[in-house]
Amino acid sequence: MRVSQYMISTLREVPAEAEVVSHQLLVRAGMIRKLSAGVYSYLPLGWKVMQKIANIIREEMNQAGGQEILMPIIQPAELWQESGRWSVYGDELFRLKDRHQRDFCLGPTHEEIITDLVRREITSYKQLPLLLYQIQCKFRDERRPRFGLMRSREFMMKDLYSFDRDEEGLDISYNKMFQAYVNVFKRCGLSFRPVEADSGAIGGSSTHEFMVLANSGEAEIVYCSDCDYAANVERAESLIRENNDKEAEKERELLHTPGMHTIEQIAEFVGVNKEKTIKTIFYESDKGVICAVVRGDREINEIKLLNQIDATELKLANDETVKRITGSDPGYVGPIEIKGIEIIVDEEVLQLKNAVAGANKEDYHFINVNYGRDFQATKVADIRTVKAGDFCPRCGAVLNSARGIEVGQVFKLGIKYSSKLGATYVDENGQEKPIVMGCYGIGVGRTMAASVEQNHDEKGIVWPVAIAPFEVIIVPATMKDDRQAEIAEKLYQDLLKAGIDVIIDDRCERAGVKFTDADLIGYPYRITVGKKTVSENTVDLKTRSTGQEITLQLSEAAEYVSRLVIENR
RNA sequence: CGGGAUGUGGCUCAGCUUGGUAGAGCGUUCGGUUCGGGACCGAAAGGUCGCAGGUUCAAAUCCUGUCAUCCCGACCA
């Protein structure tokens, strides 16, 4: 390709609307343009990167036994009503009506459609297992699209669905996909981690998210410093340290604590650290008012709590409700003498001895509170939010935390959709059984954005070779010198012949302009043809990622660069 | 959905407080000089000031409404 003929439209200035670096650079480098909030066009350079990522995904899916299909974007409401998600999905679902007033939606995901397809086509165990996937636009009417391609309303996604006879088969498919995902993200040159995740409303036994490590990530993960345990904080667990101190249980006492309504104030006032206090929070849910109890230095993990009470909605109880139940303002509440509602106590609280807790009386706390003697849970469970410094639930080593961008998720669905939609097969005993499903998604655009988040510097993008829009750019310092132009052209042809994805900057621009564009767009390798090329038969090769520049003999340049590119693909 | 901010040539922004009929830089086009890190000189094109009302002799500027975009939060397969 020739830059003079290609749609290269770089911007010198940062567009005002772009906040995160990937958004800024993708726009400045002429990869994407916004049409509307969360809706983007992909320009030739950006689309080329998308296709390279898609092809890597495609190869790995095929390798794992996947078969590519393409399903409709427009989906009839009937199927969604059948699965029950028409009413559950909410405002995030783009809904529309046709001229006959029939309801449709734009697909945010394709479980219904694929399950419908499979229930019509698959009838026998002989046809299983089956892995089907597509790379397709998805639509979600995000409440707040943001960060460019990271959270958009229309986005490219690879989604694969696995169909198996039973849980064992699902495990095999799941593991295949897990490995395929590792391959994909490795090949894309990303630094990532698979983490255990919460399965959320979708249910299911196991799910992992693939997180690209980046400070701009929306998700927080913890990972073990020693073993390979890693989890989204939404679900992360931590080891409880046994309390071995021989301190005897003391008599519970009421303490006057005027104005002390935060954990910090109380801990300081009583002269203990926060780990020796008890935090009590009341929630309202669709299962009624809930009392949640954690150690004072802890945050409640609302997702875990939600899972414990099997509710779908949870919000902090207002002051009125708290007062009705405890007789006190929220600053002085505790788990003692709370009756008639569910009390979920974090397992860690059981280790506390002679702790401090609210007395359910304004300006008063209890000291020397002990679980069992002074209060009881209706359920003891893990409801705390894990943080860096906690101990690994697997091996006991210290946990670290990091931020990540979720680029993929693998999910064991089980029979949730197949049973609702009647996707069954007949086994060798003539028994009809529901097909056991899994679903596996990768955000293609998000992967592109995540790569930029991870690979950039002050000059622009630094693409890994595998997903760069072009692998090599040849820059003749000036096109006015016929010799330079000729040599550059020859080099270009040689690299093309060698199968290298190469572009030549044949514009009549000053060298500086071409260099700046090249750095911004982020081609991994740049060959400069200049005066020295003509006089000394050498060219300069600059590696974008390291900034290192070396001089090559012209005669061996094509071969050298070809080898370098192929090695790093 | 709650809170905040912003809409002025293609891009970044000034002008608005104190109303008088629109500016700069970058980009674009043309001519010339330059030519290995976003050059310089000269000329030119390009704007219903988001939209709709209102106030006024007169509105980019004041008022009301509305739409869009961005940020924070809530929410989220």
Side-chain angles (χ1 to χ4, degrees), chain A residues 8-20 23-24 27-28 30 33-39 80 83 85 88-94 105 107-112 138-148 151 153 155 157 159 161 197-204 207 209 218-219 234 302-303 306 312-316 406 408-411 413 416-417 439-443 446 458-460 475-481 484-485 488 505 507-521 526-535 538-540 542 547 549 551:
Chain A
I8 301 267
S9 37
T10 53
L11 300 179
R12 195 184 287 234
E13 278 171 286
V14 180
E17 67 188 26
E19 189 76 7
V20 295
H23 188 194
Q24 293 176 349
V27 172
R28 281 191 59 211
R33 289 290 183 264
K34 189 182 71 184
L35 177 63
S36 181
V39 180
W80 285 76
S83 73
R85 288 210 289 181
V88 175
Y89 215 100
D91 292 338
E92 210 174 296
L93 190 61
F94 266 110
C105 65
T109 173
H110 280 71
E111 280 85 8
E112 280 79 3
K138 306 279 187 189
F139 296 83
R140 289 180 199 172
D141 194 359
E142 292 283 349
R143 278 191 183 173
R144 188 180 160 205
R146 55 180 145 176
F147 303 149
R151 185 168 287 270
R153 297 194 293 172
F155 54 99
M157 184 168 172
D159 47 325
Y161 304 87
D198 179 68
S199 52
I202 207 166
T207 177
E209 291 166 339
E218 292 185 274
E234 289 178 356
E302 295 183 5
I303 290 165
L306 207 57
T312 55
E313 247 180 274
L314 196 66
K315 63 172 194 207
L316 279 177
E406 183 198 335
Q409 184 161 17
V410 291
F411 225 115
L413 290 174
K416 172 167 176 163
Y417 293 92
C439 71
Y440 315 84
I442 295 179
R446 205 184 256 194
E458 61 290 341
K459 290 178 180 167
V475 179
T478 172
M479 290 298 287
K480 301 253 168 68
D481 180 334
Q484 287 186 30
D505 197 342
R507 293 176 297 176
C508 294
E509 288 286 351
R510 297 162 62 86
V513 173
K514 300 184 188 183
F515 292 156
T516 311
D517 266 355
D519 286 342
L520 176 58
I521 292 167
R526 188 187 81 201
I527 300 173
T528 307
V529 173
K531 270 188 284 208
K532 271 195 311 180
T533 310
V534 176
S535 61
T538 63
V539 294
D540 293 322
K542 189 162 189 178
E549 190 157 21
T551 300

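Here the structure is a predicted model, which means the values were calculated and not measured. Here is the naming used below: chain letters follow the sequence lines, and residue numbers restart at 1 for every chain.
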inquiry  = Any base atoms under 4.0 Å from A/Lys315, or only sugar-phosphate, or nothing? Heavy atoms, all strands.
reply    =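 No contact.
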
task = Scan A/Glu406 against the nucleic acid and name what it touches under 4.0 Å (heavy atoms): base, sugar-phosphate only, or nothing.
result =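 Base contact.
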
[X] side chain near [N] phosphate (N/O to OP1/OP2, under 4.0 Å):
X        : N      : answer
A/Arg510 : B/rA39 : yes
A/Ser36  : B/rU69 : yes
A/Arg12  : B/rG27 : yes
A/Arg144 : B/rC72 : yes

Could you work out which one of [options] sits closest to the side chain of [X]?
X        : options                : result
A/Thr516 : B/rU69, B/rG37, B/rA77 : B/rG37
A/Arg85  : B/rC26, B/rA77, B/rG37 : B/rA77
A/Arg151 : B/rG38, B/rC76, B/rG37 : B/rC76
A/Arg28  : B/rG38, B/rG37, B/rC72 : B/rG38
A/Thr528 : B/rG36, B/rC72, B/rG38 : B/rG36
A/Glu142 : B/rC72, B/rG36, B/rC76 : B/rC76

query = When the distance from CG of A/Leu11 to C1' of B/rG27 is rounded to whole Å, what number comes out?
reply =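 After rounding, the gap between these two atoms is 10 Å.
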
Which base, if any, makes a Watson-Crick or G-U wobble pair with [N], both distances under 3.5 Å?
N      : answer
B/rG42 : B/rC30
B/rG7  : B/rC67
B/rG47 : none
B/rG73 : B/rC1
B/rU61 : none

message = Which residues pass the side-chain hydrogen bond (donor to acceptor under 3.5 Å, both in side chains) test with A/Thr551, not counting sequence neighbours?
response =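 By the side-chain hydrogen bond (donor to acceptor under 3.5 Å, both in side chains) rule, A/Thr551 matches A/Asp540.
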
ask   = Among all residues two or more places apart in sequence or in another chain, which pass the side-chain hydrogen bond (donor to acceptor under 3.5 Å, both in side chains) test with A/Asp159?
value =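 Per chain and number, A/Asp159 pairs via side-chain hydrogen bond (donor to acceptor under 3.5 Å, both in side chains) with A/Gln134, A/Lys138, A/Tyr161.
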
inquiry  = Nearest heavy atom decides the nucleotide; on that basis, is A/Phe147 or A/Arg143 closer to the 5' end of RNA chain B?
reply    =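 In this pair, the answer is A/Phe147.
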
request  = With RNA chain B as reference, determine whether A/Lys34 or A/Met157 sits nearer its 5' end, using the nearest nucleotide of each.
outcome  =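 Upstream on the strand: A/Lys34.
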
message = I want to check a possible cation-pi pair here: A/Arg526 against A/Phe515, using under 6.0 Å from ring centre and within 45° of the ring axis as the test.
response =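 Relative to the ring axis of A/Phe515, which defines the angle, A/Arg526 lies inside both limits.
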
key: Closest heavy-atom pair and its distance - A/Gln484, A/Gly530   =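 Shortest heavy-atom separation between A/Gln484 and A/Gly530 comes out as NE2-C, 3.5 Å.
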
ask   = If you look at every heavy atom in A/Met479 and A/Pro476, which pair is closest and at what distance?
value =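 Residues A/Met479 and A/Pro476, closest heavy atoms: SD-CG, 3.6 Å.
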
message = Taking the basic N atoms (NZ, or NE/NH1/NH2) and the acidic carboxylate oxygens, is any pair closer than 4.0 Å for A/Glu111 and A/Lys416?
response =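 No.
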
A/Thr478 side chain reached by A/Lys531 side chain, heavy atoms, under 4.5 Å =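 Sidechains of A/Thr478 and A/Lys531: no contact.
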
request  = Look at the side chain of A/Lys459 against the base of B/rG37 and say whether a donor-acceptor pair falls under 3.5 Å; ignore hydrogens and angles.
outcome  =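 Side chain to base: no pair below 3.5 Å.
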
Taking only nitrogen or oxygen atoms into account, show me every contact under 3.5 Å that the protein makes with nucleotides 12-16 of chain B, one pair per line with its distance.
from, atom 1, to, atom 2, distance (Å)
B/rU12, OP1, A/Ala16, N, 2.8
B/rU12, O4', A/Glu13, OE2, 3.4
B/rU12, O2', A/Glu13, OE2, 3.3

